[in-house]
Amino acid sequence: MPEQSPVGGQDKIGYLKLPASLPPLIVRHASLRLSAVLGAAGFAAFSTFWATLAFHLSQTPIELGPAAVGLFGLGSLPGALAARYSGRLTDRYGSDAVNVVALASAGIAFAVFLLAGDSVVALVIGCNLLGYGTTSAQIVNQARIFTGPVALRARLNTVYTFSLFASGVIGSAVGIALLEAHGWTAMICEAMGFLAVGALSLTVHAFRKHRTSGAQNSAETIGLMRRARSAAGER
């Protein structure tokens, strides 16, 4: 490990203090909270699907063998690779817009799974849409949290990554239980419920952002009017 810190003048923090410093970051950084919720919701839905897909493919009426099931994931690579351009879209249209596209892509994927879950072709199409949505969300969510202080980026990313893995475990466990107890449709509804949580959080964020922007514009307008009146009075 380098003897010098990459950030000049940064105080050294012991290892035990580092984990203790993580929870307060959630309270202080709104961008981290939003990215963590969006990332957790999307990855929970993603894990729900992929944890149960092998069971679905091996059952009637599809009945694929182990080799075909194992290779099935290769068909979803184009969607994941297409997400590489999400960074450029984020720079051009903003992180919120790309999150909307990512959620919409994943939502359409689960609609395909729900309506045509017994078709291999439909499953491949849905897998590409889901891969694109999940990977795009990962890119834009990390871009959002990396706008924070440079010295905190590693810890911000730690909290974000923890939210992903925790949600993945929950999504996988609940998805398998629902598939065994109630079938494919129940599992899809669970995954879509996770996406709904992400959509709700993004909607609340957009509303608050719009309200804050409106308040700032009103304050600026009032300030301009006061300055205009003051200038008129001096004349």
Distance in Å, [X] [atom1] paired with [Y] [atom2], rounded so as to fall on 0.5 Å steps:
X: Gln142; Y: Thr90; atom1: CD; atom2: OG1; value: 11.5 Å
X: Thr203; Y: Leu103; atom1: OG1; atom2: CG; value: 9.0 Å
X: Thr52; Y: Ile188; atom1: OG1; atom2: CD1; value: 6.5 Å
X: Leu34; Y: Tyr160; atom1: CG; atom2: OH; value: 10.5 Å
X: Phe113; Y: Met187; atom1: CZ; atom2: CE; value: 8.0 Å
X: Thr185; Y: Glu190; atom1: OG1; atom2: CD; value: 13.0 Å

Could you list all the side chain to side chain donor-acceptor pair (under 3.5 Å) pairs where at least one residue sits in residues 16-33, not counting sequence neighbours?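 Residue pairs with at least one partner in residues 16-33: Ser21-Arg155.
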
Once side chain to side chain donor-acceptor pair (under 3.5 Å) is applied, what residue pairs with a partner in residues 94-104 remain, sequence neighbours excluded?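 Sorted pair list: Ser95-Arg144, Asp96-Arg144, Asp96-His205, Asp96-Lys209, Asn99-Asn141, Asn99-Arg144.
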
Where is the tightest heavy-atom contact between [X] and [Y], given as atom of each residue plus distance?
X: Ile139; Y: Ser86; result: CD1-CB, 4.2 Å
X: Gly133; Y: Ser105; result: N-OG, 3.8 Å
X: Phe110; Y: Ala45; result: CZ-O, 3.4 Å

[X]-[Y] co-clustered via ILVMFWY side chain contacts under 4.5 Å:
X: Ile108; Y: Val121; answer: yes
X: Leu195; Y: Ile170; answer: no
X: Val100; Y: Val204; answer: no
X: Leu179; Y: Trp50; answer: yes
X: Phe49; Y: Leu178; answer: no

Tell me which donor-acceptor pairs under 3.5 Å the side chains of residues 56-64 have, and how far apart each pair is, sequence neighbours excluded?
| from | atom 1 | to | atom 2 | distance (Å) |
| --- | --- | --- | --- | --- |
| His56 | NE2 | Gly117 | O | 2.7 |
| Ser58 | OG | Ala54 | O | 3.1 |
| Ser58 | OG | Phe55 | O | 3.0 |
| Thr60 | OG1 | Glu63 | OE2 | 2.8 |

Any side-chain to backbone donor/acceptor pair from [X] onto [Y]? Under 3.5 Å, distance only.
X: Ser167; Y: Ala40; answer: yes
X: Ser35; Y: Leu32; answer: no
X: Thr161; Y: Thr158; answer: no
X: Ser201; Y: Gly198; answer: yes

Which residues end up grouped with Val169 if you chain together Ile, Leu, Val, Met, Phe, Trp and Tyr wherever their side-chain heavy atoms are less than 4.5 Å apart? none

Run through the side-chain heavy atoms of Ile, Leu, Val, Met, Phe, Trp and Tyr, join any pair under 4.5 Å, and report what else lands in Leu89's cluster. Tyr93, Val98, Val101, Tyr132, Val140

For side chain to side chain contact (heavy atoms under 4.5 Å, CB included), just list the numbers for Val174 and Thr48, CA-CA rounded to whole Å, side-chain angles, deciding distance to a tenth of an Å, and then say yes or no. CA-CA 7 Å; Val174 177; Thr48 296; over 6 Å; no

Evaluate whether atom CZ of Arg84 has more than 12 neighbouring non-hydrogen atoms of other residues, nucleotides or ligands under 6.0 angstrom away. no

Could you tell me whether the side chain of [Y] reaches within less than 4.5 Å of the side chain of [X], counting heavy atoms only?
X: Gln138; Y: Leu164; result: yes
X: Ser47; Y: Phe165; result: no
X: Leu114; Y: Trp184; result: no

Determine the interplanar angle of the Phe46 and Phe43 rings, folded into 0 to 90°, and report it as parallel if under 30°, tilted if 30 to 60°, perpendicular if over 60°. parallel

Name each donor-acceptor pair under 3.5 Å that joins a side chain in residues 122-131 to protein atoms two or more places apart or in another chain, with its distance.
| from | atom 1 | to | atom 2 | distance (Å) |
| --- | --- | --- | --- | --- |
| Asn128 | OD1 | Gly79 | N | 2.8 |
| Asn128 | ND2 | Gly75 | O | 2.8 |
| Asn128 | ND2 | Val124 | O | 2.8 |

